[in-house]
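Reviewing the structure listed below.
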Amino acid sequence: MQSNYVKQLLSKMTLQEKIGQLQQIAGDFFGDDGSPITGPLSTYKVSKTQLYNIGSVLGVSGAENVLKIQREYLKNNRLHIPLIFMADIIHGYKTIFPIPLALGSTWDPELVKRVAQASAAEASASGIDVTFSPMVDLVHDPRWGRVMESTGEDPYLNSLFAKSFVDGYQGNLPVDEKHVAATVKHFAAYGAPEAGREYNTVDMSEWRFREQYLPAYQKAIESKALLVMTSFNILFGIPATGNKYLMRHILRRELGFNGVLISDWNAINEMISHGVASDSEEAAEKAIQAGTDIDMMSFAFLGSLEKLAMKNEEVKKLIDEAAARVLNLKDALGLFDDPYRGVDAAKERQIVLSQENLGLAKKAAEEATVLLKNQHQSLPLDSNKAIALIGSKANTGDLLGNWSWKGDPASTQTIKSALEDHFDNILFEAGYDMVSAENNLSLNEQAISSAKKQDVILYVAGLSASQSGEASSMTDISLPKEQLDLLRKLSKLHKPIITIVITGRPLDLTEVDRLSDAILLPWFPGTAGALAIADIVSGKTNPTGRLSMTFPKSVGQIPIYYNYYNTGRPLTGTLEDRNNIYLSKYIDSSNDPLYPFGFGLSYSNYTLKDLRLSKKEFTADESITASVTVKNNSKISGTATVQWYIHDLVGEVVRPVKELKHFQRVQLGAGAEETVTFTVSKQDLSYVHADFTRVSDAGSFKLLVGFSSQTELETSFLFKN
Ligand code: GLC
């Protein structure tokens with residue numbers, strides 16, 4: 001919907017000025033040396049006239065810096081059209097929250113909305129108008145480094161978080177100065193690269209795309225996200241950035257998205273490498289025809305659109321359409337009323353890294369941390385315990401994870417320092433060096449001699465921030481060799497070993513599980529992560545995290561996820577299965593994951609009982625209410641996550657063996673119990689049919705409930721449509 005102001009502005013603009021609005025460049029073109037470069041750099045020379053017609057800039061922040069650039073820009077822009085400042089605020093600006101895959105483990109959409117709100121407030125105070133977040137790509141493959149940016153493998157859970165991020169970032173429209181515009185990315189299905197290899201081919205049926213991958217994008221768009229970013233990959237055989245069917249038919253017509261579609265970095269020109277454009281001009285034409293509005297850093301638009309418009313009246317109309325969308329975005333951000341959106345250095349200092357935000361970062365890190373194992377109640381540790389704290393990861397601020405641009409690892413509290421506030425007798429040894437292996441033997445020996453003196457070993461292992469995120473695909477997802485070697489040596493001391501794993505992706509922890517009595521997974525927990533870890537280790541906080549992405553037993557099982565299809569020869573685990581080789585299984589491994597979707601332990605002990613249905617069948621205009629009682633059998637209060645799954649026994653197309661449809665986080669005091677309910681209606685039973693309609697069929701269903709996707713109780717019902 002164009003405001004009159006935008007209409008009038010468009011009528012005054014030259015073709016070059018309109019094209020300028022469709023080009024985005026990095027901040028270094030404006031002399032900002034802090035602008036992160038996240039892709040190949042073009043050699044395109046931007047003239048001074050062109051520079052002051054550019055519509056948006058990425059990777060610039062800081063109140064004073066933004067004010068300076070905007071003032072200079074407005075002085076030189078003929079119609080005084082403000083610049084938009086966009087940046088990757090993925091899990092916080094300066095207060096860094098846990099990585100999105102960790103936020104996915106909170107199963108707490110309300111908390112994630114608050115995290116997005118806090119991130120937006122800091123970013124906006126620092127002059128940013130648009131964040132390139134949320135990334136809502138569904139992921140199945142931990143070999144792909146960008147799983148860290150996703151909230152996981154489930155369409156329903158990802159959709160809830162997609163809404164949380166957009167609502168938290170944008171607030172109510174128009175976007176006020178405490179919020180930023182959200183960019184849903186990467187449209188579409190970037191999370192399914194073959195072999196988990198970065199930027200690799202994505203190839204799936206449209207049915208699978210619509211059933212599994214589209215829902216979270218759709219929910220973000222229904223939540224009024226103002227931008228969408230195209231993905232690098234092909235989908236249905238055509239690069240997303242030039243894919244008319246994907247963008248004009250599915251995104252704009254079916255999903256009703258009429259906001260700004262921005263390409264990913266250089267993605268327009270990359271259509272040449274993909275082999276669907278012979279040169280930059282053809283790439284630009286395909287992109288504008290597909291409805292891409294902004295060219296991020298390929299300069300195909302700046303370099304070719306004018307020529308294309310001279311040859312083809314239709315391109316002129318497409319340029320007008322795209323320019324109108326960019327100006328509408330500036331209008332929605334209030335930039336025509338106040339090009340500075342209230343940015344002010346004093347306010348920035350007040351908001352950025354506020355105590356309130358740091359407190360929220362600690363709460364988020366606590367809720368994101370997953371207790372994967374806790375044999376013999378090894379955790380929590382009594383304060384009088386003599387601890388051998390081993391591992392260089394215990395003494396580093398490298399806890400922020402990738403895409404934490406303005407975060408500062410150097411000033412991030414270490415796990416060692418946070419533990420020292422809880423325990424008096426800690427002997428720390430680095431034990432291994434994450435950079436060079438040359439002195440690992442002596443480090444190992446020092447670690448072992450300290451460990452011999454203490455009651456318990458607290459072993460901190462894991463990856464560095466650069467070992468997940470973009471351009472960090474891996475074929476081997478086990479712990480680094482030097483870390484596993486040391487763990488094997490420590491295990492020979494026959495002392496309790498608690499392993500803390502810092503990671504941005506699911507790892508093969510099979511041997512770590514065998515050698516450790518307890519395993520804690522904080523992921524990359526962010527600025528206040530060490531405080532959260534220390535509170536959990538000491539028992540001040542009872543862990544509540546639940547995996548939103550499966551942990552495989554080995555990389556050979558990938559892709560492995562909970563909502564799989566049964567196949568014609570399912571491995572059902574019955575006795576006769578053992579001798580029947582003609583089943584969907586391996587001859588060298590089980591089908592089971594190491595830790596399943598939804599899994600996470602607690603210091604409490606919960607049980608479920610009395611699963612009941614209000615009736616055994618219902619019709620389209622009715623619903624049934626399922627109830628179950630959850631009990632905390634321990635003396636420690638905690639929060640259980642009751643998870644409800646549906647299995648549609650017979651569909652027009654195959655149906656997953658189970659699908660998450662609802663969950664509750666239930667706070668329970670010592671010994672307390674509570675009955676929770678899930679009202680099932682026909683919407684919960686709908687699925688994408690062969691003709692791509694999403695409808696519900698009559699039939700028999702199972703309702704399963706548990707504390708993970710390895711559910712504990714089940715019942716069945718009939719839906720009669
Ligand atoms: C990167 C990423 C994208 C990011 C953009 C700008 O290549 O793919 O997620 O928003 O470039 O940094």
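As the structure lists them, so they are numbered: ligands from 1, and atoms in each ligand from 1. Quick caveat, the model's predicted, so the values are computed rather than measured.
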For Phe232 and ligand 1, answer yes if some heavy atom of the residue is under 4.0 Å from a ligand atom, otherwise no. yes

So, using salt bridge (charged side-chain N to carboxylate O under 4.0 Å, His left out) as the criterion, who are the partners of Asp398 when residues are at least two apart? Lys393

Any carboxylate oxygen within less than 4.0 angstrom of a Lys/Arg side-chain nitrogen, looking at Asp141 and Arg143? yes

Can you list the atoms of ligand 1 that are under 4.0 Å from a heavy atom of [X]?
{"X": "Lys185", "result": "3 (C), 4 (C), 9 (O), 10 (O)"}
{"X": "Arg146", "result": "2 (C), 3 (C), 8 (O), 9 (O)"}
{"X": "Phe132", "result": "10 (O)"}
{"X": "His186", "result": "3 (C), 8 (O), 9 (O)"}

Does [X] use its side chain to pair, donor to acceptor, with the backbone of [Y] at less than 3.5 Å?
{"X": "Thr292", "Y": "Ser263", "value": "no"}
{"X": "Asn328", "Y": "Ala324", "value": "yes"}
{"X": "Thr527", "Y": "Thr95", "value": "no"}

Counting both backbone and side chain atoms, is some N or O of [X] under 3.5 Å from an N or O of ligand 1?
{"X": "Trp403", "answer": "no"}
{"X": "Glu149", "answer": "no"}
{"X": "Thr38", "answer": "yes"}

If you have a sec, work out which protein heavy atom is nearest [atom] and how many Å separate them, to one decimal?
{"atom": "atom 4 (C) of ligand 1", "result": "Asp88 OD1, 3.2 Å"}
{"atom": "atom 2 (C) of ligand 1", "result": "Glu470 OE1, 3.2 Å"}
{"atom": "atom 8 (O) of ligand 1", "result": "Asp264 OD2, 2.5 Å"}

Under 4.5 Å between any side-chain heavy atoms of Val66 and Ser126, yes or no? no

Heavy atoms from other residues, nucleotides or ligands near NZ of Lys406 exceed 12 (cutoff 6.0 Å): yes

Determine whether the side chain, the backbone, both or neither of Thr183 has a heavy atom under 4.0 Å from any heavy atom of ligand 1. neither

Between Asp408 and Ser411: side-chain donor-acceptor atoms closer than 3.5 Å: yes

